[in-house]
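Values below: every heavy atom of this structure, side chains too, minus hydrogens, waters and symmetry copies. Naming convention: chains lettered A, B, ... in sequence-line order (proteins, then strands); numbering from 1 in each chain. Every value quoted in this text rests on a predicted model; they were computed, and no experiment measured them.
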Amino acid sequence: MAVAAVGRVLRLGGRWSVAARDGPRAQTLRVIYTTAVVQRKNVAASGPEKYTEAFIKKQIEEFNLGKRHLANMMGEDPETFTQEDIDKAIAYLFPSGLFDERARPMMKHPTEIFPEKRKIQWGEDGRPFHFLFYTGKQSYYSLMHETYGMLLNAQKYQDQMTAQGFPPEKEKKNLPGSRWLTKVELEEMLLEKLSDHDYSRFIQLLQKLVTLPYGNVEEKYMQKFSKEIAMQLQKVVIEPLKYDEQGVAFSTGEGQRKTARATAVVYDNGSGKITVNGVDVLHYFPVLQDREQLLFPFQFLDRIGKHDMICTVSGGGRSSQAGAIRLASAKALRSFVTEKEVEFMRQVFLCSVAGLLTTDPRLKERKKPGQEGARRKFTWKKR
Amino acid sequence: MLRSVKGLVCHTPKLDHGHALHTTAKDWLSSTVSQDVRILAERSRAIFRTSENDPANHAEHHEGCHYSIPLQEVKAVFPHGLPSPFQQQIKTFNEACLMVRKPALELFAYLKSSSFAHPAIRYVIYGEKGTGKTMTLCHVVHYCARQGWLVLHIPDAHLWVKNCRELMQSSYNKERLDQPLQASFWLKNFKTTNERFLKEIKTQQKYAWGKRESTEEGRPLGEVVEQGLARVRNASDAVGVVLKEIKQQCHLGSFRLLVAVDGVNALWGKTTLRKEDKSPVSPEELTLVYNLRKMVRNDWNGGAIVTTLSQTGSLFKPSSAYLPHELLGKEGFDALDPFVPIRVSNYSPQEFESCYHYYLDRKWLQHEKARTAEGRDELRFLSGANPRQLQRLAGPL
């Protein structure tokens, strides 16, 4: 930053403004007499401050030095001082009670702190580096150019193959587990703003490349622009059934709702008896609504009278305890049930709370200062 | 799909139950379903109903079945005994149907085999809320009424220890308090139940009600009752006299006596009544309770005492209490000490089926889903096989 300011001073010192932007044409420096106001305006119009490479390098050196000092202070070995150790040390030396993690003191590598900004795109003579600089969106257009080049390559390859008599390969479909980059991610990658139209054109081009018969030749190139999704389908592991002493199959599940936590053990070959915290369900939940909530997972799977259940629950109120037990029993029933039904259980229903296997994320909303409750304001008085 | 089915309906009306030919497809589908259910119902009608209307002949194979009591008898035998939801049900269904259950059959066996030369045996029916204790008591009362016993039925002893507007000092005993309204109400119902006995039993002593009124020795007990009804001030004393006379003459053997008390734990608990100086009233200070306690003691023979514990109307007792020693307290337990406990529990699967089919038969369950097997399982789960819960659940359906 300081270097850039110095650079500016060099250029604008003594109310001399050098027309440096008339790049290659101006061999001599022309002197233009302007007032300070205009110069100041020009400074403001140059856009957000850009970090120079030298500046970033200096920051990295300072960071490494600081890291060694910190390691010395904490009594650790400077050579094997990782980022996690740094975080722990900072949290120890500067304890903070702030709620937001991003507001607390931190010491990280400069590449993480300073967002990647566009370094200055022209040299000292004012000539831009990239040939597409004057389009305004040089990285975008260069990307489009490159991708189109790939497309043409693939078509040429296809033509070659058909000329040689090989039949075209089957169209390879995109794996269901991947998606293209979003507009925001693309902007981050290219470090310049895009418009929606630009983004859609780029995605169309990529998809055309994919659908070409020999498009998968450029797969490596395309993988840069795709991300995998739907990891959650593989994450959930259905536990197998356990067997207790008499050989009766059972399975456990845990659930929570608001502040209530429940664990349920569902036994097979039962008669539909349910015990909660050692008490019969009729006594623990005298209200019909709570019992209906408990009924729902069994009713959905048509297994009302087939299982016994013993559960323990704590915390929360009457309704949240019922919801917690419902979730726990649904999770326990997963082991008794086929894959398809598990999928049905997870889906969202129109009327009820999201599915049977999702924890309800609603919690009590915080009370804000200046208001009586979370949403309720104080009585409004006209005067 | 529906239109094609409708076409089928017009061509082949398979139903021969008098349905109109122009039924919509939905009706046709549902009517086939209900046809199956009806067949099932007819088969199970044999299961859940019995034509045996005399409780004396109820045996174990009648367990789970409903038997009906003719409405005339209901008015005669139960002027005040049945619980109010059941009375509403009688009005709706136009019949009074009681389920024969194991505790009642047990009691009948005991009553039949007990010898009346020995002191009266006390039976205490207990169980959780809503399991059918009062209905069992009513079943026993009906049985004894058919057998020709003199039935002393106190529908709810809790009514005597709470919510009393008028408390008067007793003229007989200065320390006790009278409750004229409750006493006269009970006397009226007692009269309806036991008309013929009141003519047969004669007083054995002279009773003076005031300066000018008195009942001579040898007059029928009916006169005492009339006196109590006419002069409400003396109603509680009239009740006391009736109880004393009956107890004295029971061992002579001309009639059998059944003392049926519902909510007997009220006799030994606390009351919510206060005297005029705001001091609390204990149960012994109430004339009615005092006399009733004397009846429940087993120092007489020639009959039986059947009582029920009830938490619903009880005062100052937690709602999870249902065991005898919890509800009676130490005093009550000692007073009732040698008693035969009879446990009443929730419906067994067979009894639940029977009750469910009864409701279906009387068209009480109107919801379409209620007729399916899933609906039945749902009802069973939600009510927990508790009779009262089932009855309350089935109401809105």
Chain B and chain A: which donor-acceptor pairs fall below 3.5 Å?
from: B:Glu128; atom 1: OE1; to: A:His283; atom 2: NE2; distance (Å): 3.3
from: B:Glu378; atom 1: OE1; to: A:Gln299; atom 2: NE2; distance (Å): 2.5
from: B:Leu382; atom 1: O; to: A:Arg291; atom 2: NH1; distance (Å): 2.3

Does A:Phe99 have more than 12 heavy atoms from other residues, nucleotides or ligands lying within 6.0 Å of its CZ? no
Only pairs under 3.5 Å count here: list side-chain donor-acceptor contacts from residues 260-270 of chain B, not counting sequence neighbours, and write none if there are none.
from: B:Asp262; atom 1: OD2; to: B:Thr134; atom 2: OG1; distance (Å): 3.3
from: B:Asn265; atom 1: OD1; to: B:Ser310; atom 2: N; distance (Å): 3.3
from: B:Asn265; atom 1: ND2; to: B:Ser310; atom 2: O; distance (Å): 2.9

So how far is it from A:Leu295 CG to B:Leu382 CG, rounded to the nearest 0.5 Å? 5.0 Å
Partner set under ring-ring contact (aromatic ring centres under 6.0 Å, His included) for B:Phe86, not counting sequence neighbours: none
Ring pair (Phe, Tyr, Trp, His ring centres under 6.0 Å) pairs, two or more places apart, involving residues 378-397 of chain B: none
